[in-house]
Protein chains: 2
Amino acid sequence: MKPRKHRRARLDLPRIAERFRKKARKLTGPRRAILVALRERGGPVTPREIFRALEGRCDLATVYRSMHLLETMGMVKRYDFGDGQARFELLEEGDDGHHHHLVCRRCADVVEIEGCLMSDVDRQVAEANGFKAVTHRLEFFGICPECQGSDSRGENVTD
Amino acid sequence: MKPRKHRRARLDLPRIAERFRKKARKLTGPRRAILVALRERGGPVTPREIFRALEGRCDLATVYRSMHLLETMGMVKRYDFGDGQARFELLEEGDDGHHHHLVCRRCADVVEIEGCLMSDVDRQVAEANGFKAVTHRLEFFGICPECQGSDSRGENVTD
DNA sequence: GCTCCAATTGCAAACGATTTGCAATTGGCG
DNA sequence: CGCCAATTGCAAATCGTTTGCAATTGGAGC
Ligand SMILES: [Mn+2]
Ligand SMILES: [Mn+2]
Ligand SMILES: [Zn+2]
Ligand SMILES: [Zn+2]
């Protein structure tokens, strides 16, 4: 049994629906399906992955529109792993989603990094430069255990 | 006199040319112009900004091709501020370019953050998850001094 | 200097992610 | 059950970036 890689893996669906409706929005078929897909995955998902998981129950454009909506509603958070596609995670009520990830450069496997010890750094950076409301975006990249042995180029991973 | 915002603002042009030629590459007109533009700016520049600065002396496709080349030669480093366009900085010889930025969310002004105190964090993250060769990507975002007074939405910036 | 050719360029078309216009569909309130 | 604003599917548009190809050019060798 592998350890669960992502927190927020189990959220109550009726509760999600309720949260959604509270913002005076129609809970349509496609939207429900997207929320289910987001909950299933738990970790960061691309719009295209959601689209594939929906198997025709929803158009790709609708996925994008829904992600925007959910983002402004504060129900999902967007992450950027620098590969040109957005990723989203469903948030628990009250969670602002601020956390970081460790991404394998070979297989793109993602591990959640618990907690963030940088709020004091934000303050220092703000202070030192006269900025206000400073936040940060931080992701880690490396080679995961699985990918360390079977190297794609024959050389071994060190360090 | 405003303080200089970017390090590596002055690099010797002949020396840059020499570094370039050492890798057995043709130092063409477009490439020379691009290197000059990169040196002029000092801080992170988008391909389109370089293209504009070149005023017809070089095609946009050539800018992109040159950035790839310079990147693989280790003469520029790519940064990602999450707005969908790449930025590049010319590097001093021997510099790996690892550093971070503070970007204004209103005017997109960029301030360099000196140094990086996270190599021990990289190690901890690697250790804790069985990953190897862990690095990170980190940028800060906030509201710069200039943008704090004249607020775009009438509310004042706090915190 | 002049020749020659692989390296490089400009141009236009292709790309992949994301956005948008619009006519057809639908959730949820009355 | 009917209505209508909200939502959707579809196709076309957009944006940053990449690529094919024929024309151009730097610089090594004479
Ligand atoms: Mn996560
Ligand atoms: Mn910089
Ligand atoms: Zn953080
Ligand atoms: Zn760093």
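All values below were derived from every heavy atom in this structure, side-chain atoms included, with hydrogens, water molecules and symmetry-related copies excluded. Throughout, protein chains are lettered first and strands after them, A, B, ... in sequence-line order, and every chain is numbered starting at 1.
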For this session: Indicate, with yes or no, if the rings of A:His136 and A:His98 have centres closer together than 6.0 Å.
Result: yes
Seminar exercise, completed: Closest of D:dG26, D:dG9, D:dT17 to the B:Tyr64 side chain is D:dT17
Exercise. Between B:Ala61 and B:Arg25, which is nearer to the 5' end of DNA chain D once each is assigned its nearest nucleotide?
Worked result: B:Ala61
Exercise. Touch check for A:Arg21, heavy atoms < 4.0 angstrom, all strands: base, sugar-phosphate only, or nothing?
Worked result: sugar-phosphate
For this session: Go through the steps for A:His101 and A:Glu89 under the test side chain to side chain donor-acceptor pair (under 3.5 Å), then give the verdict.
Result: CA-CA 12 Å; A:His101 302 91; A:Glu89 275 185 36; 2.8 Å; yes
Seminar exercise, completed: Taking D:dT7, C:dG28, D:dG27 as options, the one with an atom nearest any side-chain atom of B:Leu27 is D:dG27
For this session: Tell me, please, whether A:Phe20 has A:Arg31 positioned over its six-membered ring: NZ or CZ under 6.0 Å from the ring centre and within 45 degrees of its axis?
Result: no
Problem set entry | Euclidean distance, atom NZ of residue B:Lys26 to atom P of C:dC5 [Å, nearest integer] | 13 Å
For this session: For B:Phe20 and C:dA7, give me the distance from atom CZ to atom C1', rounded to whole Å.
Result: 11 Å
Exercise. Does anything in residues 45-53 of chain B reach DNA chain D, meaning a heavy atom under 4.0 Å, and if so which residues?
Worked result: B:Pro47, B:Arg48
For this session: Could you please name the option among C:dG21, D:dT19, D:dT17 that lies closest to any side-chain atom of B:Arg65?
Result: D:dT19
Problem set entry | From C:dG27, D:dG9, D:dT17, nucleotide with atom closest to A:Thr28 side chain | C:dG27
For this session: Could you state the atom-to-atom distance from CG of B:Asp80 to C1' of C:dA17 in whole Å?
Result: 14 Å
Problem set entry | Rounded distance (Å) that lies between atom P of D:dT17 and atom CG of B:Asp59 | 14 Å
For this session: Taking the side chain as every heavy atom from C-beta outward, state whether A:Arg19 and A:Met75 have any atom pair closer than 4.5 Å.
Result: yes
Exercise. Between D:dT7 atom C1' and A:Arg32 atom CZ, what is the distance in whole Å?
Worked result: 14 Å
For this session: Using only side-chain N and O atoms of B:Thr62, determine if any of them is under 4.0 Å from OP1 or OP2 of C:dG10.
Result: yes
For this session: Using a 4.0 Å heavy-atom cut-off across all strands, classify A:Arg57 as base, sugar-phosphate, or nothing.
Result: sugar-phosphate
Problem set entry | Residues A:Arg15, A:Glu93: salt bridge by 4.0 Å N-O rule | no
For this session: Side chain of B:Pro30 only, please: which of D:dT18, D:dG9, C:dT9 is the nearest?
Result: C:dT9
Exercise. With under 30° as parallel and over 60° as perpendicular, where do the rings of A:Tyr79 and A:Phe81 fit, or are they tilted in between?
Worked result: tilted
For this session: Let me know, please, whether B:Arg87 or A:Ser66 comes out on the 5' side of the other along DNA chain D by nearest nucleotide.
Result: A:Ser66
For this session: For the pair B:Arg105 and A:Thr135, evaluate side chain to side chain donor-acceptor pair (under 3.5 Å) and give the outcome as yes or no after the intermediate values.
Result: CA-CA 10 Å; B:Arg105 276 191 290 259; A:Thr135 58; 3.3 Å; yes
Seminar exercise, completed: Taken to the nearest whole Å, CZ/A:Phe88 to C1'/C:dT18 is 10 Å
For this session: Quickly work out the A:Leu54 CG to D:dG9 C1' distance and round it to whole Å.
Result: 14 Å
Problem set entry | Closest to side chain of A:Leu60, choosing from D:dG9, D:dT17, C:dT18 | C:dT18
Exercise. If you look at every strand shown and take non-hydrogen atoms under 4.0 Å, does B:Arg31 touch a base, only sugar-phosphate, or nothing?
Worked result: sugar-phosphate
Exercise. Counting distance only, does the side-chain N/O of A:Gln148 pair as donor-acceptor with the main-chain N or O of A:Ile143 below 3.5 Å?
Worked result: yes
For this session: Check the distance between C:dG28's P and A:Lys22's NZ and give it to me in whole angstrom.
Result: 16 Å
For this session: From the options D:dG27, D:dG16, D:dT8, select the nucleotide whose nearest atom is closest to the side chain of B:Gln85.
Result: D:dG16
